[in-house]
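Worksheet for the structure shown next.
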Number of protein chains: 2
Amino acid sequence: MPGRRLTGKDAYHEEPPNARNTLRSIILGLLGARPMTGYDIKQAFDRAIASYWNAGNSQIYTTLKALEHEGLVESEVVIQQHRPNRKLYRLTPQGQVELEVWLQESAPERFTKDEFLAKLFFCGQTSDEIALRHLIEHHQALEAQLAHMEWVLQRYTQRPARRPHLLEYQLLVREYKAETLRADLTVTERAIARLHERIAGQQPSGVAEREREP
Amino acid sequence: MPGRRLTGKDAYHEEPPNARNTLRSIILGLLGARPMTGYDIKQAFDRAIASYWNAGNSQIYTTLKALEHEGLVESEVVIQQHRPNRKLYRLTPQGQVELEVWLQESAPERFTKDEFLAKLFFCGQTSDEIALRHLIEHHQALEAQLAHMEWVLQRYTQRPARRPHLLEYQLLVREYKAETLRADLTVTERAIARLHERIAGQQPSGVAEREREP
DNA sequence: TCCATCATGTAAGGTGTTACATGATTGC
DNA sequence: GCAATCATGTAACACCTTACATGATGGA
């Protein structure tokens with residue numbers, strides 16, 4: 001065990017200038033509510049957080065190990081009879097502190113990446129039909145996202161809720177995201193309608209085999 | 001001209017299963033409109049694309065090199081008198097093809113990452129005052145984004161525009177993004193108002209250690 | 001029998017960010 | 001004199017994704 005006396009990270013860790021560490025903070029946040037396994041955390045992502053952050057198992061398990069190595073979380077193996085054992089993680093006091101620091105820091109507003117918009121931006125270089133297809137597919141995806149959110153919302157609000165105060169902000173985020181989705185749906189619909197019109201109006205001579213309203 | 005019969009890359013390139021290559025495609029898209037230098041491309045990002053994609057110089061210049069190495073773009077050095085020379089890139093026919101393929105592919109809808117929402121989600125574990133601060137800062141950031149978009153919009157639409165068809169979709173994306181921003185502003189304002197009320201209503205007494213629910 | 005769920009991971013490789021390096025010209 | 005603009009890059013490293021590996025239980 002090399003260099004154990006130095007409390008692990010403080011001595012030669014030095015927080016690289018490059019680290020954003022959002023995933024770590026999210027995991028700390030989840031563990032702040034209750035002890036969880038890697039599996040639980042993955043489910044939390046898929047059920048509640050996926051629409052604005054996500055992570056694969058590989059990232060989750062390795063991050064948990066790193067956090068434990070740094071003393072921010074600790075684990076305990078819960079032996080089970082008819083299923084694989086669970087490795088249950090919980091925050092240490094240090095982890096609690098780190099979480100509080102993160103919650104108080106302002107989040108730097110970094111641009112978000114959106115491949116759909118990036119592609120749409122260049123659609124002037126291809127045909128309107130293709131652009132229309134992208135818009136329609138995007139519309140479907142937005143509807144699916146909204147549906148998923150509402151589906152999960154029910155499973156959430158039916159149970160009495162362990163800590164109503166925690167739930168409040170979770171619902172706020174949900175509302176925020178839902179509102180954004182609805183706005184996106186509206187703009188997308190408007191764009192689809194406009195494109196439909198344009199395409200119908202400009203090609204009275206049949207191109208391939210598309211039919212249109214008399 | 002080495003290995004021309006094999007169309008260049010097919011032979012030993014093999015496209016790793018892991019590659020999304022969005023940045024490359026965006027650069028191809030920009031060069032599809034007109035020849036550009038790395039510097040021009042960076043400006044295009046900052047001016048037009050930054051709200052849904054961005055890249056640092058390092059990524060741009062290395063990607064341009066990679067693209068040239070693969071034969072999708074070619075460059076020519078333009079000598080200048082009183083400034084550094086410009087290395088002007090343009091699409092090759094191959095690059096044109098790759099761009100068209102990308103424009104036709106459906107964009108997989110991947111979740112977007114939003115550190116602000118992630119943090120807000122956990123704000124039940126800290127004080128309402130801190131949450132309020134985050135919301136206010138976020139509101140300011142949203143307004144700044146909108147302002148920037150409108151500022152750029154003017155410089156754009158004043159000039160007669162080289163190719164109006166290209167501009168159309170660029171304006172659509174802008175409209176889309178602006179609409180989203182306005183929706184976000186509205187939800188944020190609503191949340192701020194609610195929080196203000198709550199905070200005002202619940203603490204006629206001291207601030208320090210709150211804890212109670214009558 | 002086949003598939004989904006529970007549960008924990010490793011390996012490989014692409015993507016993105018920050019910091020650093022250079023250097024002339026123009027405007028305040 | 002100082003800062004911004006023009007212009008091109010490299011190095012280091014953190015972050016994220018995909019694919020792969022394992023194995024029992026319980027239901028259709």
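Residue numbers begin at 1 in each chain, while the letters A, B, ... track the order of the sequences.
- Applying the ring-ring contact (aromatic ring centres under 6.0 Å, His included) rule to B:Tyr176 yields the partners A:His138; only residues at least two apart in sequence or on another chain are considered.
- Judged as a side chain to side chain donor-acceptor pair (under 3.5 Å), and not counting sequence neighbours, the contacts of A:Arg190 are B:Glu175.
- Annotation: side chain to side chain donor-acceptor pair (under 3.5 Å) contacts of B:Gln96 (sequence neighbours excluded): B:Glu100.
- We find that CD1 of A:Ile26 is positioned 13 Å from C1' of D:dC15, with the value rounded to whole Å.
- The shortest non-hydrogen separation linking A:Leu117 to B:Val173 is O-CG2, 3.7 Å.
- Under the rule for a salt bridge (Lys or Arg N to Asp or Glu O under 4.0 Å), the partners of B:Glu115 that lie at least two apart in sequence or sit in another chain are A:Arg20.
- For A:Thr62, the side-chain contact (heavy atoms from CB on, under 4.5 Å) test picks out no residue, with sequence neighbours left out.
- The side chain to side chain donor-acceptor pair (under 3.5 Å) search around B:Gln59 returns none, not counting sequence neighbours.
- Residue pairs meeting the salt bridge (Lys or Arg N to Asp or Glu O under 4.0 Å) criterion with at least one partner in residues 36-56 of chain A, sequence neighbours excluded, are A:Asp40-A:Arg86, A:Lys42-A:Asp46.
- Taking A:Glu179 as the reference, A:Arg182 meet the side chain to side chain donor-acceptor pair (under 3.5 Å) condition, with sequence neighbours excluded.
- When the C1' atom of D:dT17 is taken as reference, atom NZ of A:Lys42 falls 11 Å away, rounded to whole Å.
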- Assign a letter to each nucleotide of nucleotides 1-9 of chain C from its 5' end: B, base within under 4.0 Å of a protein heavy atom; S, sugar-phosphate only; -, no contact. ----SBBBB
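- Here the C1' atom of nucleotide C:dT15 and the CZ atom of A:Arg20 are 17 Å apart, to the nearest Å.
- B:Gln59 has its CD atom 17 Å from the P atom of D:dA11, to the nearest Å.
- A rotation axis mapping the C1' atoms of four pairs onto the next four is fitted at both ends of the helix from C:dT1-D:dA28 to C:dC28-D:dG1 over five pairs, and the angle between these axes is 40° to 10 degrees.
- Taken residue by residue, residues 107-117 of chain A places heavy atoms nearer than 4.0 Å to DNA chain C at A:Arg110, A:Phe111, A:Lys113.
- Phosphate proximity of D:dC15 to A:Asn21: present, with a side-chain N or O under 4.0 Å from OP1 or OP2.
- Applying the side-chain contact (heavy atoms from CB on, under 4.5 Å) test to A:His148 and every residue at least two apart in sequence or in another chain returns A:Val152.
- Between the side chain of B:Lys87 and the backbone N or O of B:Thr37 there is no donor-acceptor pair closer than 3.5 Å.
- Position along DNA chain D of the nearest nucleotide to A:Trp53 versus A:Gln81 favours A:Trp53 as the more 5'-ward residue.
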